[in-house]
Amino acid sequence: MSDLSSVTILVPGKLNPDTLDTLKKTFDVEHVLDRDVSKLSQERRNSVRGIAMMGAVPADMMDALPNLEIIANFGVGYDGVDVKHATSKGVMVTNTPDVLTDEVADTTLAILLMTVRELYAAEKHLREGRWESEGNYPLTPMTLRGRTAGIMGLGRIGLAIARRLEAFGLPIEYHNRSERTDVTYRYHPSLESLASSVDTLIIAAPGGAATERAVDAKVLKALGPDGVVVNIGRGTTIDEPALIEALENGTIRAAGLDVFENEPHVPARLIALQNTVLLPHVGSASRHTRGAMGDLVIRNLTNWFQGQTPVSPVAESVKAGILPRRN
Ligand code: NAP
């Protein structure tokens with residue numbers, strides 16, 4: 001590998017520590033923890049050629065870095081990156097697909113089971129000594145038995161969830177913008193149609209404008225009073241106030257959420273509800289999987305700065321034909 005120690009990579013905000021260490025061994029890293037790049041000297045901003053990040057890269061951050069060539073997103077979902085703006089400037093965007101798929105699918109099944117079988121509350125019952133003092137944890141009104149799962153976003157993660165659900169004996173239906181030709185699961189061209197056909201709605205679609213608040217009051221009503229929602233995709237895909245209403249008044253039965261509209265803020269009304277399982281965005285958060293994601297971020301950057309195509313460019317960058325600059 002050629003010497004890349006003179007190539008400056010900006011890291012705005014927090015990044016996986018193992019990845020940050022490896023990045024520092026390969027590149028000249030400018031770590032701006034509070035994400036305020038305006039603090040950097042003009043000379044330093046001019047030197048930045050790449051960004052490695054989790055979270056957001058808005059247009060003004062790109063505009064502040066005149067020699068930016070590539071944004072390497074740590075995560076498969078890149079709704080935090082203004083890809084349209086990046087594309088208009090000829091800036092490559094990469095993400096980290098596949099390496100996290102199984103971890104996220106495993107987490108989804110755990111959330112689903114926790115939600116329908118109240119496993120967190122049952123565990124708490126034991127730890128608080130109530131098994132001994134009060135007796136058995138009450139029988140759970142919900143079960144996975146007899147449920148039908150509907151997946152919004154049958155992509156890499158959605159399909160890995162579906163395969164696991166098949167092993168649990170659940171029938172599966174799904175909604176994507178387009179029907180897949182490689183599965184036999186029942187397809188619904190609309191989310192409302194999917195919701196009215198199933199009782200367990202699992203969201204594994206990307207965030208962004210196209211899915212914003214797609215799971216709204218109408219969809220929740222269609223899911224019905226035995227309905228369970230599990231969201232492993234993005235918090236913005238659910239109309240959170242409508243979900244809270246639906247959980248409070250019994251329009252649906254329960255929800256298991258790994259993602260929220262305004263992270264890390266979680267509304268107090270959601271926290272107060274007993275029919276929710278709430279996790280702090282831990283879908284891919286094992287050291288193993290975050291390490292694999294970090295390796296892919298670094299491979300994307302090293303490929304690019306050696307004049308090669310990155311391993312995992314996002315579809316918009318491929319479509320725009322953005323190529324490494326040979327300088
Ligand atoms: P993927 O392979 O691109 O799958 C996304 C799926 O969503 C595709 O099947 C796509 O099908 C469908 N989709 C896209 N836009 C849609 C829309 N507007 N309405 C309905 N369906 C739509 O991506 P992936 O690797 O499975 O990742 C999916 C998402 O999971 C990521 O974008 C990320 O937001 C989330 N995620 C969360 C965590 C976590 O920690 N909680 C971790 C990793 C990923 P069509 O193109 O046919 O619509």
Side-chain angles (χ1 to χ4, degrees), residues 16 54-56 73-81 83 93-112 114 150-165 172-183 185 187-195 198 201-216 219 229-239 255-261 263-264 266 277-290 292-294 296-297 311-319:
N16 175 39
M54 261 181 114
N73 184 63
F74 185 100
V76 67
Y78 52 97
D79 44 302
V81 180
V83 182
V93 179
T94 63
N95 66 344
T96 62
D98 301 313
V99 293
L100 46 62
T101 296
D102 285 326
E103 195 80 74
V104 179
D106 292 347
T107 311
T108 310
L109 267 291
I111 296 174
L112 176 60
M114 277 176 79
I151 299 178
M152 176 194 182
L154 193 75
R156 287 170 291 241
I157 294 171
L159 193 60
I161 294 168
R163 299 298 188 220
R164 283 159 176 74
L165 288 169
I172 292 143
E173 305 183 9
Y174 74 103
H175 163 65
N176 277 358
R177 289 167 302 183
S178 39
E179 187 169 3
R180 291 184 68 130
T181 52
D182 56 350
V183 295
Y185 309 137
Y187 174 68
H188 293 265
S190 86
L191 184 55
E192 209 178 329
S193 158
L194 176 70
V198 304
L201 180 64
I202 299 174
I203 300 151
T211 55
E212 197 171 333
R213 294 198 163 185
V215 180
D216 58 10
V219 170
V229 170
V230 171
N231 192 4
I232 196 77
R234 281 289 181 265
T236 49
T237 302
I238 295 185
D239 179 339
L257 310 171
D258 185 48
V259 287
F260 302 87
E261 206 163 20
E263 294 173 14
V266 178
V277 167
L278 310 171
L279 292 178
H281 203 146
V282 294
S284 67
S286 69
R287 197 158 179 189
H288 165 89
T289 295
R290 290 286 168 90
M293 291 160 66
L296 188 47
V297 165
V311 185
S312 46
V314 303
E316 293 89 334
S317 294
V318 174
K319 195 166 165 217

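Atoms within a ligand are numbered from 1 in the order they appear, just like the ligands themselves. Nothing here was measured: the structure is a model prediction, and the numbers come from that model.
Across the listed options Glu179, Arg234, Arg156, Arg156 owns the non-hydrogen atom lying nearest to atom 25 (O) of ligand 1. Comparing heavy-atom distances from atom 13 (N) of ligand 1 across Ala285, Gly155, Pro206 singles out Pro206 as nearest.
For ligand 1, the atoms closer than 4.0 angstrom to any heavy atom of Gly283 are 39 (C), 40 (O). The contact set between ligand 1 and His281, taken as ligand atoms under 4.0 Å from a residue heavy atom, comprises 39 (C), 40 (O), 41 (N). Against a heavy-atom cut-off of under 4.0 Å, Asp258 is close to the following atoms of ligand 1: 39 (C), 40 (O), 41 (N). Proximity to Val259 (heavy-atom distance under 4.0 Å) selects the following atoms of ligand 1: 41 (N). In summary, the atoms of ligand 1 found under 4.0 Å from a heavy atom of Ser178, numbered by their order in the structure, are 47 (O). Contact atoms of ligand 1 toward Val76: 25 (O), 27 (O), 31 (C), 43 (C), 44 (C) (distance under 4.0 Å to a heavy atom of the residue). Interface atoms of ligand 1 facing Thr211, defined by a heavy-atom separation under 4.0 Å, are 17 (C), 18 (N). In summary, the atoms of ligand 1 found under 4.0 Å from a heavy atom of Ser284, numbered by their order in the structure, are 40 (O).
Each of Thr94, Val93, Val76 was scored for a side-chain contact (heavy atoms from CB on, under 4.5 Å) with Val314, with one residue passing: Val93.
In terms of protein heavy atoms, atom 16 (C) of ligand 1 is closest to Arg177 NE, 3.6 Å. The single protein non-hydrogen atom nearest to atom 37 (C) of ligand 1 is Ile232 O, 2.9 Å, given as residue, atom name and distance. For atom 35 (C) of ligand 1, the closest heavy atom belonging to the protein is Gly233 O, 3.6 Å.
Using a 30° and 60° split on the angle between ring planes, His175 and Tyr187 fall in the parallel class, below 30°.
Polar contact with ligand 1: absent for Asp79 (N/O pair, distance under 3.5 Å). Taking only nitrogen or oxygen atoms, main chain and side chain alike, Ile157 reaches within less than 3.5 Å of ligand 1. No N or O atom of Gly153 sits closer than 3.5 Å to an N or O atom of ligand 1. Backbone and side-chain nitrogen or oxygen atoms of Thr101 are examined, and none is located within less than 3.5 angstrom of a nitrogen or oxygen of ligand 1.
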Is there a side chain to side chain contact (heavy atoms under 4.5 Å, CB included) between Met54 and Arg290 once you walk through the steps?
CA-CA 11 Å; Met54 261 181 114; Arg290 290 286 168 90; 3.9 Å; yes

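Proximity of Val104 to ligand 1, defined as any heavy-atom pair under 4.0 Å, is confined to the side chain (atoms from C-beta onward).
Atoms CG and OG1, on Leu112 and Thr107 in that order, are 12.5 Å from each other to the nearest 0.5 Å.
Between Tyr185 and Leu159 the shortest side-chain heavy-atom distance falls below 4.5 Å. Here the side chains of Val282 and Asp258 are in contact, with some heavy-atom distance below 4.5 Å. In this structure, the side chains of Met152 and Thr211 come closer than 4.5 Å at one or more pairs of heavy atoms.
For the pair Ala204 and ligand 1, a heavy-atom separation below 4.0 Å is found.
In this structure, the side chain of Asn95 does not engage the main chain of Tyr78 through any donor-acceptor pair within 3.5 Å.
Between Gly158 and Ile151, the shortest heavy-atom distance links the atoms O-CD1, 3.5 Å.
With sequence neighbours excluded, the residues forming a side-chain contact (heavy atoms from CB on, under 4.5 Å) with Glu173 are Thr148, Arg186, His188, Leu194, Ser197, Val198, listed by chain and number. Take Arg177 and apply the side-chain hydrogen bond (donor to acceptor under 3.5 Å, both in side chains) test, not counting sequence neighbours, and it matches no residue.
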